[in-house]
Amino acid sequence: MSDDKKDSSGIHVVLLGPPGSGKGTQSPMLVKEHNICHLSSGDILRSAATAQTPLGQEVNKIINEGKLVPDDLIVELIKENLKRPECKNGFVLDGFPRTVDQAKQLDSMLSQNNKKLDRALHFQINDDLLFERSAGRLLHPASGRIYHRTFSPPRQSMLDDITGEPLVRRTDDKEDVMKKRIRSYHEQTSPVLKYYKDRNILSTIDASLSKESVWEQIKEILPRKAL
Ligand code: AP5
Ligand code: MG
């Protein structure tokens, strides 16, 4: 199908960056700005990992070893989730794709639906900063809302601002697991940057700046479409 016949509604964007670079923090703002859905592969997998099944236990083990789950497993989960009605107008994929094979499978998934990826945003940041960010991270598991003890504290200590429910630390945020996650990012996910650069849809932002400054950079790259 020629490009002019492709579905041009909404935006379709993927976020690439190491653990703790701020992908999950920026995603809700993209959702609000563009009326699209947010699919976090990590949230989807953490939810799968709570199931008391052999698959759930295996996923839990892989996450806590700082490794990547098999490509086919995460591709299937993303494919299912993209069918959600709130994804009709577009999506922000946070943490997917993470290998070149996943990127290729996403492309074929989209072309089957006459869609294409608009942009890949690369959250660039020095590894040194990632440990402080993950060490202070707090999560509201049910919603995926993210806080930080120092940089983005909840109004009440250890409680979600909206529901008042308890916040938790992620089990894979321990320093030794973080080191493995960062290594797997450089080894397995960095090649995905070249994949999108070669397709002229890669934009790089400085993710070491404040949450607000990062958002300003994203808005420049992805301005809200006029209705
Ligand atoms: P996932 O949950 O995706 O983890 P990740 O990609 O490693 O990224 P994080 O969620 O750690 O970081 P983030 O960039 O979202 O940062 P955040 O906004 O929270 O994946 C977990 C695991 O699942 C993987 O290790 C793997 O096992 C598996 N997996 C997932 N996807 C997979 C795939 N596609 N294939 C195979 N396996 C997969 O911010 C971090 C902290 O910093 C927060 O506390 C936040 O408040 C703070 N912060 C954010 N921005 C700023 C800022 N600008 N200034 C100061 N503080 C900030
Ligand atoms: Mg995240």
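Order of appearance sets the numbers: ligands from 1, and atoms from 1 within every ligand. What's counted below: heavy atoms across the whole structure, side chains too, no hydrogens, waters or symmetry copies. Predicted model only: the values in this text are computed from it and were never measured.
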The side chain to side chain contact (heavy atoms under 4.5 Å, CB included) partners of Val100 (sequence neighbours excluded) come to Lys104, Pro191, Val192, Tyr195

In short, salt bridge (charged side-chain N to carboxylate O under 4.0 Å, His left out) pairs touching residues 51-69 with sequence neighbours left out are Lys61-Glu65, Glu65-Lys67

**Distance-only side-chain donor-acceptor flag, Asp101 / Thr99, under 3.5 Å** = no

Q. So do Leu110 and Lys116 actually touch side chain to side chain, heavy atoms under 4.5 Å?
A. no

Heavy-atom contacts under 4.0 Å to ligand 1, chain-then-number order, include exactly Pro18, Pro19, Gly20, Ser21, Gly22, Lys23, Gly24, Thr25, Ser41, Gly42, Leu45, Arg46, Ile63, Lys67, Leu68, Val69, Ile74, Gly95, Phe96, Arg98, Gln102, Arg133, Arg137, Ile146, Tyr147, His148, Phe151, Arg170, Asp172, Arg181, Leu209, Ser210, Lys211

>> Could you walk me through whether Asp173 and Arg181 satisfy the salt bridge (Lys or Arg N to Asp or Glu O under 4.0 Å) test, starting with their C-alpha distance in whole Å, then the side-chain angles of each, then the deciding distance to 0.1 Å, before giving a yes or no?
In response: CA-CA 9 Å; Asp173 271 344; Arg181 291 165 60 197; 3.1 Å; yes

The complete set of ring-ring contact (aromatic ring centres under 6.0 Å, His included) pairs with one or both residues in residues 50-72, sequence neighbours excluded, reads none

